[in-house]
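Below is one structure, written out as structure tokens, with a few remarks after it.
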4 protein chains.
Amino acid sequence: MRQVPAKLASKLYGAAELIAERGLADAKVDEIADAAGIPKATLYYYFTGKDEVLAFLLADMLGLIAGEVGTAASAPGSARDRLESAVEAQLAVMLDHPAVCRALVGDLGRATRLPELAAALQEAFHRPIASLLAEGVSDGTLRLVEDPGAVALSIFGAITVTGLSAAVDGSSNDSAKDAARIAASICDLMLNGLATTPANPEGDR
Amino acid sequence: MRQVPAKLASKLYGAAELIAERGLADAKVDEIADAAGIPKATLYYYFTGKDEVLAFLLADMLGLIAGEVGTAASAPGSARDRLESAVEAQLAVMLDHPAVCRALVGDLGRATRLPELAAALQEAFHRPIASLLAEGVSDGTLRLVEDPGAVALSIFGAITVTGLSAAVDGSSNDSAKDAARIAASICDLMLNGLATTPANPEGDR
Amino acid sequence: MRQVPAKLASKLYGAAELIAERGLADAKVDEIADAAGIPKATLYYYFTGKDEVLAFLLADMLGLIAGEVGTAASAPGSARDRLESAVEAQLAVMLDHPAVCRALVGDLGRATRLPELAAALQEAFHRPIASLLAEGVSDGTLRLVEDPGAVALSIFGAITVTGLSAAVDGSSNDSAKDAARIAASICDLMLNGLATTPANPEGDR
Amino acid sequence: MRQVPAKLASKLYGAAELIAERGLADAKVDEIADAAGIPKATLYYYFTGKDEVLAFLLADMLGLIAGEVGTAASAPGSARDRLESAVEAQLAVMLDHPAVCRALVGDLGRATRLPELAAALQEAFHRPIASLLAEGVSDGTLRLVEDPGAVALSIFGAITVTGLSAAVDGSSNDSAKDAARIAASICDLMLNGLATTPANPEGDR
DNA sequence: CATGAATGAGCATTCATTCAT
DNA sequence: CATGAATGAATGCTCATTCAT
């Protein structure tokens with residue numbers, strides 16, 4: 001895989017919608033090239049095959065997301081506040097790039113099959129949350145739970161599915177506002193819970 | 001698509017693992033037929049094509065899941081208790097059929113593309129939760145949230161992603177126990193939240 | 001091939017239109033069965049295979065035609081008069097059964113490949129004409145030509161192509177009248193020729 | 001269907017014999033490709049399917065025939081002489097390309113189904129004859145008949161069937177001589193008729 | 001006798017990839 | 001450096017035929 005020129009990379013994003021629509025496996029190289037507006041053979045000049053094209057696209061997208069979330073997560077403030085920022089950042093980036101997001105999550109199943117992709121997903125989405133949970137326990141702004149891994153996964157799932165749903169829906173056109181609203185809902189749920197009575201001291205079950 | 005005999009349906013489940021492993025697009029019809037132990041042409045006698053085979057499998061699985069979750073959700077007891085039962089039921093059925101579940105979520109992207117499947121998913125997973133949330137507000141066991149749709153989606157996401165993760169992992173062999181443990185974690189999170197201080201009265205942001 | 005019940009035979013004629021439309025090779029057994037209104041497997045009860053079904057249909061049709069033409073050709077009268085009757089009979093039967101005729105002639109190419117069919121065609125269409133030409137020379141009503149075979153073939157071709165054209169066209173609904181009119185044209189041509197000056201005695205070349 | 005390179009076109013003629021022998025429906029794409037000496041996939045690069053390959057071949061052949069016949073028909077001389085030339089030209093080209101001719105007539109049934117092909121046939125064979133008949137009336141070398149369309153069709157049929165018969169037979173190896181001999185027979189018939197007595201003035205029937 | 005269900009064997013078509021220019 | 005033309009290797013699907021009932 002040669003150094004991909006920025007111009008080509010940006011053109012390739014034009015294919016994200018296609019991938020979101022058809023799925024990775026069903027997106028033909030011809031279609032990807034057409035959607036990107038470049039000759040098919042040119043793809044093969046820069047990439048060694050279809051999979052590499054897709055890997056490049058996904059990696060690029062994930063890098064973007066990881067960056068934004070990472071920034072929010074490492075800002076100053078309490079872990080709890082930063083968790084809220086990170087949730088919002090994650091939703092914001094998903095709603096900003098709905099096609100990319102659909103392509104990514106739509107072929108989530110591939111994560112099961114491509115370890116590399118699974119790791120990148122973990123890095124971009126899951127780890128920041130897990131870290132913030134731990135930090136929250138340290139700085140006293142979040143309580144200690146029994147199975148932090150499951151909780152991080154739950155939060156990740158809540159964000160991802162809610163974000164995907166909004167991305168697929170696509171009816172709104174103020175994505176920043178949507179992200180803020182949804183993030184508020186999720187954070188309210190995750191922080192305050194739904195119970196009308198405080199948890200009894202003996203545990204929940 | 002002809003009426004599929006029960007015997008054939010059950011044989012087809014033998015192909016779920018394959019689909020989970022390879023993904024639908026990469027699972028050759030020959031392989032599916034082999035995995036199910038039936039001649040390829042017989043598949044085409046009952047289904048109009050590869051996609052219909054998958055659609056049948058997914059629909060069948062979703063029906064199963066919907067049944068189990070529905071039973072839990074409509075048992076006697078407070079809505080809050082039933083929510084906990086439903087979460088556990090959902091996780092239990094996911095862990096009971098890990099291959100099916102992986103196939104389902106693995107091709108989740110298809111849900112974006114097949115409205116029919118999206119509707120079935122909604123029916124099996126999402127709606128029971130949404131209903132219980134509303135009932136909880138009525139019977140006073142769950143508090144009223146601002147955006148119940150987003151909350152239901154979040155819970156659905158938490159369960160699904162956590163369940164998928166456990167299904168993919170597959171290291172344990174007491175799935176019922178796993179389901180109970182994970183369900184407890186999720187419910188603790190969803191009911192009690194993570195905040196160390198009660199939500200301030202002005203709202204969280 | 002079992003004795004074919006008359007009822008079945010008549011039903012099979014319902015498939016002639018289909019064969020005319022699609023061609024023999026492209027008419028699927030399923031389609032033939034559907035067109036005839038009988039179960040596909042029943043065809044296989046009476047016939048050993050697709051080809052036999054087709055052979056039966058074609059043979060039956062040709063038998064019909066041969067009979068009508070034969071009757072006209074063996075009526076009393078001069079050979080020349082009987083030639084005219086035979087031409088008209090042939091056209092009449094073609095226009096009476098346009099689908100059969102199209103199926104038969106449309107797959108004329110098959111005659112090249114199925115010797116049996118070629119022989120039957122010869123018998124039904126070509127031989128009566130050749131015989132009448134010879135008889136006409138004997139009874140003095142038709143002149144002797146140099147290559148009687150070529151002439152018989154020419155007449156056969158003129159009738160067949162003209163009849164096929166009319167059968168395909170299908171715009172008229174008085175087939176008997178059409179047949180008479182076309183037959184008159186052909187006979188006028190074949191008997192009197194187009195030359196404005198009599199043939200010179202040395203022959204045409 | 002892309003622009004077909006001349007080289008490819010000429011190679012495809014190598015498959016005409018095969019199509020003539022087997023018929024289009026029974027000629028496998030593999031066999032056609034083999035007979036033409038090109039990879040199967042290359043056929044699909046230029047044509048959208050098997051049918052288009054045949055359509056191209058037939059159209060190409062018909063173009064050839066139309067050219068030769070057109071030349072003969074537009075030479076100087078009386079219409080009657082040119083009719084004789086055209087008949088001979090048509091037979092000559094049929095006997096020169098027996099495989100093509102057999103393929104053409106063999107799938108003549110297709111003409112019933114492909115309007116495009118029917119039009120091309122009309123153009124190549126039928127129209128020149130019809131024109132010459134009309135011109136013959138004008139220049140006084142051919143008499144006026146009642147139904148010129150039927151007569152043109154009859155002549156076309158006579159030539160085609162006779163030519164096909166000779167092409168299928170294929171026993172001779174001096175095709176030019178054969179064409180001349182058959183053409184003479186047909187022209188003798190068409191010009192002078194078979195009647196031993198002149199047509200009676202009241203018409204033939 | 002007749003037929004619904006099932007299938008073996010084959011085939012048209014697709015598509016990722018190569019490579020000469 | 002970029003690409004139009006060409007193709008090898010699969011693969012989804014069809015369809016004539018069988019057979020238990």
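None of these values were measured; they are calculated from a predicted model. Letters A, B, ... mirror the listed sequences (proteins, then strands); counts begin at 1.
Comparing B:R2 and C:Y46 along DNA chain E, the residue whose closest nucleotide (by nearest heavy atom) sits nearer the 5' end is C:Y46.
Between C:T42 and E:dA2 there is no side-chain polar atom (N or O) within less than 4.0 angstrom of OP1 or OP2.
The CG atom of C:D26 sits 10.0 Å away from the CG atom of C:L18 when rounded to the nearest 0.5 Å. Expressed to the nearest 0.5 Å, how far CG of D:L54 lies from CZ of D:F47 amounts to 10.5 Å. Note: C:T42 OG1 to C:L8 CG = 8.0 Å, rounded to the nearest 0.5 Å. Here the straight-line distance linking atom CZ of C:R102 with atom CD1 of C:I19 works out to 12.0 Å at 0.5 Å rounding.
Counting only distance, with no hydrogens or angles, the side chain of D:E31 and the backbone of D:K28 share a donor-acceptor pair below 3.5 Å. Judged purely by atom type and a 3.5 angstrom limit, C:K50 uses its side chain to pair as donor or acceptor with the backbone of C:A27. A side-chain donor-acceptor contact under 3.5 Å links C:R2 to the backbone of C:Y45.
Regarding B:I38, its CD1 atom lies at a distance of 16 Å from the P atom of E:dA5, rounded to whole Å. Atom CG of A:L54 is separated from atom P of E:dA16 by 10 Å (rounded to the nearest Å). The distance between atom CD1 of B:I32 and atom C1' of F:dT11, rounded to the nearest whole Å, is 12 Å. Residue A:D26 contributes atom CG, which lies 12 Å from atom C1' of E:dC15 at whole-angstrom precision. Whole-Å rounding puts the B:L43 CG to E:dA9 P distance at 17 Å.
Listed here is the closest heavy atom pair of C:A99 and C:A20: O-CB, 3.5 Å.
Among the heavy atoms of the strands, none lies under 4.0 Å from C:F47.
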Within the 4.0 Å limit for protein heavy atoms, which parts of nucleotides 13-21 of chain F are touched? Write it as a string from 5' to 3', B for base, S for sugar-phosphate only, - for none.
BBSSBB---
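Closest to the D:Y45 side chain, of the nucleotides F:dA5, E:dT3, E:dT7, is F:dA5.
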Both atom distances under 3.5 Å, Watson-Crick or G-U wobble: I'd like the secondary structure of DNA chain F as a dot-bracket string, with | for pairs made across strands.
.||||||||||||||||||||
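Residue C:L43 is tested with C:D30, C:V29, C:T48 for a side-chain contact (heavy atoms from CB on, under 4.5 Å); the sole match is C:V29.
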